[in-house]
Peer 1: 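What follows is a single structure, and I will ask about it in a moment.
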Protein chains: 2
Amino acid sequence: MPAEAKVDIGARSATPPLTERQEARRRRILHASAQLASRGGFDAVQMREVAESSQVALGTLYRYFPSKVHLLVATMQDQLQHMHGTLRKKPPAGETASERVAETLMRAFRALQREPHLADAMVRALTFADRSVSPEVDQVSRQTTAIILDAMGLTDPTPAQLSAVRVIEHTWHSALITWLSGRASIAQVKIDIETVCRLIDLTEPDGKP
Amino acid sequence: MPAEAKVDIGARSATPPLTERQEARRRRILHASAQLASRGGFDAVQMREVAESSQVALGTLYRYFPSKVHLLVATMQDQLQHMHGTLRKKPPAGETASERVAETLMRAFRALQREPHLADAMVRALTFADRSVSPEVDQVSRQTTAIILDAMGLTDPTPAQLSAVRVIEHTWHSALITWLSGRASIAQVKIDIETVCRLIDLTEPDGKP
DNA sequence: CGCTAATCTAGAACAAGTTTCAGACTTGAT
DNA sequence: ATCAAGTCTGAAACTTGTTCTAGATTAGCG
């Protein structure tokens, strides 16, 4: 019944496995998306151009990614994966958990500053996403949570710590938006991140057993 | 040189004052915008429909609000003003500043729950806004800050307190988005708000003179 | 009152996201 | 090797935000 030979790389979860050629198409599309985004940001990622750049018909592009927002959120997933790998290599050196988280987020922030247009496209897509993109956005959120917990050095966090992490993520996203739309300086974002990271300290009132 | 008699109601700031008829048009437009938004949210606010509902030509609509996002952010300003007035009447009763802020935000949240589609339209517009809408978005931000400071009962906050308020605003916006896109429950939003509000307590280490 | 500049209207036109469709191509199974 | 089902392509069509234009109205001034 299906077409193209199936090759389960074990990468994605519940989605039907993709052919090699399909995997290649998907990769070309994501690459074109990131490339166009790196230029003009959200607006520069035009579906017709993405299709052309990745040598795929417009209809096919929409089969792979049912909307522009889906495409950009997937692009973000992709970039986040790289980022997580990079961050893992050089763990933050701070004394306390809150310092390490702040350091990690600032490192990520610096990476985004190198490609501000790409950051714009991804973050705008993320916050503009409606319910139809929830699963994908959730995936991004989980990935972000993992990065933060990594920086904290936790394997099984308490509910209070998870709450703090949630709030940190909120602040992270919103601060990025204010920066991208020119309403907050880099310095201001830094302060906001450092401020919210203090919440972590509240989850460890003092020494533990 | 100009047309229509000028009548400075003293409302807006630097913009040239509007005629009565112009003020009326503006009001009709904002009303139509809120009405349409209350139905289907962001997508239901279609510029042609807004123009028709408010008995104004499409070109005129664009003269008053240069884009859909501008229109919706202005709609939010309008709603926020009502909200602030309403909140002022019944000040929160909590003991500590953080309790009062959390209570106020939850009250606002409940108001938004009554018109979830309207909330969707306004919040999505707010976070999707690009640089061209910065002044208007900033205005909304200032209004929100004022509401929070009101709840804290402060007239001149310290830098540390302002930082906390900024982070609270970040969390507020982002938590709203996760709720609107169905990725967080009402209970979860409550927890996030209460969590972030604890930051306020950090700005008052202990009793003061 | 009558003039002039600005504003408003109606409607066409344009741009980019999304949908649709017929036909060519692939794939896995027989 | 052949076939049925699913996939891809190319192109047109549709939707909605945004821009443009020509002519009708309106406001303030002399």
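Within every chain, numbering begins at 1; the chains are lettered A, B, ... in the order of the sequence lines, protein sequences first and strands thereafter.
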Peer 1: Quick check on DNA chain D: between B:D43 and A:L58, whose nearest nucleotide comes earlier from the 5' end?
Peer 2: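 By nearest-heavy-atom nucleotide position, the 5'-most residue is A:L58.
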
Peer 1: Tell me the interatomic distance from B:F65, atom CZ, to D:dG17, atom C1', rounded to whole angstroms.
Peer 2: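 Nearest whole value for this atom pair: 16 Å.
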
Peer 1: Base, sugar-phosphate or nothing for A:V45? Non-hydrogen atoms, less than 4.0 Å.
Peer 2: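 Since only primed, P, OP1 and OP2 atoms lie under 4.0 Å of A:V45, the category is sugar-phosphate.
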
Peer 1: Would you kindly check if the NZ (Lys) or CZ (Arg) of A:K68 is within the cone defined by 45 degrees around the ring axis of A:F42 and under 6.0 Å from the six-membered ring centre?
Peer 2: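 Yes, a cation-pi geometry.
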
Peer 1: Quick one: A:L61 CG to C:dA16 P, roughly how many Å, whole number?
Peer 2: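 So the CG-P distance, A:L61 to C:dA16, works out to 16 Å.
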
Peer 1: Reading DNA chain C from 5' onward, which residue's closest nucleotide shows up sooner: A:P66 or B:T60?
Peer 2: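 By nearest-heavy-atom nucleotide position, the 5'-most residue is B:T60.
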
Peer 1: Taking B:R107 first and then B:E103, would you say they form a salt bridge - that is, a charged N and a carboxylate O separated by under 4.0 Å?
Peer 2: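 B:E103 and B:R107: salt-bridged.
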
Peer 1: With respect to the phosphate group of C:dC8, does any side-chain polar atom (N or O) of B:Q22 fall under 4.0 Å of OP1 or OP2?
Peer 2: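 So the side chain of B:Q22 is within the cut-off, an N or O lying under 4.0 Å from OP1 or OP2 of C:dC8.
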
Peer 1: Tell me which nucleotide among D:dT9, C:dT7, C:dT26 gets nearest to the side chain of B:R63.
Peer 2: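 That would be C:dT7.
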
Peer 1: Which listed nucleotide (C:dA16, C:dC8, D:dG17) is nearest to the side chain of A:Q46?
Peer 2: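 The listed nucleotide nearest to A:Q46's side chain is C:dA16.
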
Peer 1: Check the distance between D:dG10's P and A:E52's CD and give it to me in whole angstrom.
Peer 2: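 It works out to 10 Å between those atoms.
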
Peer 1: Over how many whole Å does the gap from A:Q55 atom CD to D:dG10 atom P extend?
Peer 2: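 Atom-to-atom, A:Q55 to D:dG10, this comes out as 10 Å.
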
Peer 1: In this structure, how many angstroms lie between the C1' atom of D:dT25 and the CZ atom of B:R25, rounded?
Peer 2: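 The answer, rounded to whole Å, is 10 Å.
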
Peer 1: Looking only at the side chain of A:R21 (C-beta and beyond, no hydrogens), which of the listed nucleotides D:dG10, C:dT26, C:dT9 gets closest?
Peer 2: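 Out of D:dG10, C:dT26, C:dT9, the nucleotide with an atom closest to A:R21's side chain is C:dT26.
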
Peer 1: Test the A:R124-B:F128 pair against the cation-pi criterion, namely NZ or CZ under 6.0 angstrom from the six-membered ring centroid and within 45° of the ring axis.
Peer 2: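 The answer is yes; both the distance and angle limits are met.
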
Peer 1: Would you say A:R183's side chain and B:S134's backbone share a donor-acceptor pair under 3.5 angstrom?
Peer 2: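 No, because the side chain of A:R183 does not come within donor-acceptor range (under 3.5 Å) of the backbone of B:S134.
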
Peer 1: Can you tell which of C:dG17, D:dG17, D:dT19 lies closest to the side chain of B:R48?
Peer 2: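 Between C:dG17, D:dG17, D:dT19, the one nearest the side chain of B:R48 would be D:dG17.
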
Peer 1: Within the 4.0 Å heavy-atom criterion, would you say A:E49 contacts the bases, only the backbone, or no part of the nucleic acid?
Peer 2: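 No contact.
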
Peer 1: Take A:M47 and A:G59, find for each the nucleotide of DNA chain C with the closest heavy atom, and name the residue whose nucleotide sits nearer the 5' end.
Peer 2: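 So the residue in question is A:M47.
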
Peer 1: Using only heavy-atom distances, determine whether the side chains of B:E169 and B:S141 contain a donor-acceptor pair under 3.5 Å.
Peer 2: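 Yes, because at least one side-chain N or O of B:E169 sits under 3.5 Å from a partner of the opposite role on B:S141.
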
Peer 1: So if I take every side-chain heavy atom of B:Y62 and compare against D:dG17, C:dT9, C:dG17, which nucleotide ends up nearest?
Peer 2: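 Among the listed nucleotides, the one closest to the side chain of B:Y62 is D:dG17.
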
Peer 1: For B:F42 and C:dG17, what is the distance between atoms CZ and C1' respectively, to the nearest whole Å?
Peer 2: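 From B:F42 CZ to C:dG17 C1': 13 Å.
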
